[in-house]
Protein chains: 2
Amino acid sequence: MTSAHPPADLRQRFIDDYLLYLMARASHVVSDEFHEQLRRRRISVPVWRVLASLVGSPGETVTGLAEVCLLQQPTMTKLLDRMVRDGLVKRTQDSRDRRVVRVGLTPRGDAVVEELIALARRHEAEVLARHPEAEALAIKNLLRAILRRHAKPRRSATNGG
Amino acid sequence: MTSAHPPADLRQRFIDDYLLYLMARASHVVSDEFHEQLRRRRISVPVWRVLASLVGSPGETVTGLAEVCLLQQPTMTKLLDRMVRDGLVKRTQDSRDRRVVRVGLTPRGDAVVEELIALARRHEAEVLARHPEAEALAIKNLLRAILRRHAKPRRSATNGG
DNA sequence: GTGATGAAATTGCCTTTTCATGTAACCTGT
DNA sequence: ACAGGTTACATGAAAAGGCAATTTCATCAC
């Protein structure tokens, strides 16, 4: 055996030393501050994610958006239905592959996301200021390294592959 | 203006440099590996979270569990309904404050979580081995520091406060 | 061309979550 | 004791999500 655990009443909870929990919780508590601002504007988190994903990368596909937004593909289809209904995005058929749907921002969606991104940048700066030991580059590079190692080859947004 | 952005086709997506997205995504991709193991056992993520939360900390309250598991309180009530139905946890009234419900593992719940924790520990070790630059202590301490700064005063599980 | 295989998006059914509210219990000041 | 405020949990209607098909299209082998 590698170790004996201290008695239950002295041991902290399992989750308090569990990496996956720490990651989920840190992400949650920090994000919740921003999500509060979204709530005030009646914008849901998935909607924000879609808008933000489209900013530097117009013409994403449904599957691509689902992957980026951490959602299932059918969920994304239904989310896009609502966003189209609300005039935030538009669907267009891909010319080369007619199965593919390309998603783009409407002028209204663009205006909305513009404002939200400004908020997001401001909030991010606050968070980083509040956590000096998590210097921007350090923590971001760490997270990016983790993501890179998990990256599956993914076709780009702007060509159908 | 603070800066001019490079043209859209050279600029990476907003989210690729956005801390909250990097945190959410890193948490998601890493956790998904473990969640896959849960899926094979027909155990949902929220159920796993409740079980894991109760391990070093029996007698949590409904509200306390909701907070720890990153869920809303009504969601937790209904989740506990199902978990009671499935024989994983039991509810008991607090003797001092009759509004309070204390939640504990049943023998079956205990057996289930025991096995899952073994899986979780193994998986966590793999993740840390795969990301040497994110040494266990370093990243965990960073995340804990973030969490500590967000901590709201919270009553302990084992006394009503 | 025909048929098989696989990918992209949608649909439908059912479960889960959310939001707002309801109900019971505790607490404080008078 | 009891009003007024607050906290803990539960409930109910409506929205969102998950999973398993289904549909449409592209591609590859023959």
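So that the names make sense, note that chain A is the first sequence line, chain B the second, and so on, each numbered from 1.
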Quiz prompt | With B:Arg41 via salt bridge (charged side-chain N to carboxylate O under 4.0 Å, His left out) - residues at least two apart | solution =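 Testing B:Arg41 for salt bridge (charged side-chain N to carboxylate O under 4.0 Å, His left out), a comparison that skips the adjacent residues, returns B:Glu115.
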Self-check item: Partner residues of A:Pro46 under the side chain to side chain contact (heavy atoms under 4.5 Å, CB included) criterion, sequence neighbours left out
Solution: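 So A:Pro46 forms a side chain to side chain contact (heavy atoms under 4.5 Å, CB included) with A:Ser44, A:Leu71, A:Leu79.
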Exercise. Look at A:Arg25 together with B:Glu67 and state whether they make a salt bridge at an N to O cut-off of under 4.0 Å.
Key: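 Salt bridge between A:Arg25 and B:Glu67, a charged N being under 4.0 Å from a carboxylate O: yes.
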Quiz item: Salt-bridged, A:Arg122 to A:Glu126, with N to O below 4.0 Å?
Solution: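 A salt bridge is absent here (no side-chain N lies under 4.0 Å from a carboxylate O).
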What integer distance in Å separates [X]:[atom1] from [N]:[atom2]?
{"X": "B:Arg91", "N": "D:dC9", "atom1": "CZ", "atom2": "P", "answer": "10 Å"}
{"X": "B:Leu80", "N": "D:dT11", "atom1": "CG", "atom2": "C1'", "answer": "15 Å"}
{"X": "B:Asp94", "N": "C:dA25", "atom1": "CG", "atom2": "C1'", "answer": "12 Å"}
{"X": "A:Arg102", "N": "C:dA9", "atom1": "CZ", "atom2": "P", "answer": "8 Å"}

Quiz item: Reckon A:Arg98 has a side-chain N or O less than 4.0 Å from the OP1 or OP2 of D:dA26?
Solution: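 Yes, A:Arg98 has a side-chain N/O under 4.0 Å of OP1/OP2 on D:dA26.
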Quiz item: At under 4.0 Å, does any side-chain N or O of B:Arg96 touch on OP1 or OP2 of C:dC26?
Solution: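 No.
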Exercise. For the pair A:Thr61 (side chain) and A:Val100 (backbone), establish whether a donor and an acceptor sit closer than 3.5 Å, ignoring hydrogens and angles.
Key: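 No: the side chain of A:Thr61 does not pair with the backbone of A:Val100.
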Exercise. Report the end-to-end axis angle of the helix from C:dG1-D:dC30 to C:dT30-D:dA1; each axis comes from five terminal pairs, and the value is rounded to 10°.
Key: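 So the angle between the two local helix axes works out to 30°.
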Identify all pairs in which a protein N or O lies below 3.5 Å from an N or O of nucleotides 1-4 of chain D, and state each distance.
none

Exercise. Evaluate ring-ring contact (aromatic ring centres under 6.0 Å, His included) for B:His150 paired with A:His28, printing each intermediate quantity in order.
Key: CA-CA 11 Å; B:His150 282 265; A:His28 183 89; over 10 Å; no
Self-check item: Any pair counted as ring-ring contact (aromatic ring centres under 6.0 Å, His included), so long as it reaches residues 45-73 of chain B, sequence neighbours left out
Solution: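 Found B:Phe34-B:Trp48.
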Self-check item: Summary of protein contacts for nucleotides 15-24 of chain D, nucleotide by nucleotide, where a base hit scores B, a sugar-phosphate-only hit scores S (4.0 Å, heavy atoms)
Solution: -SSBBB---B
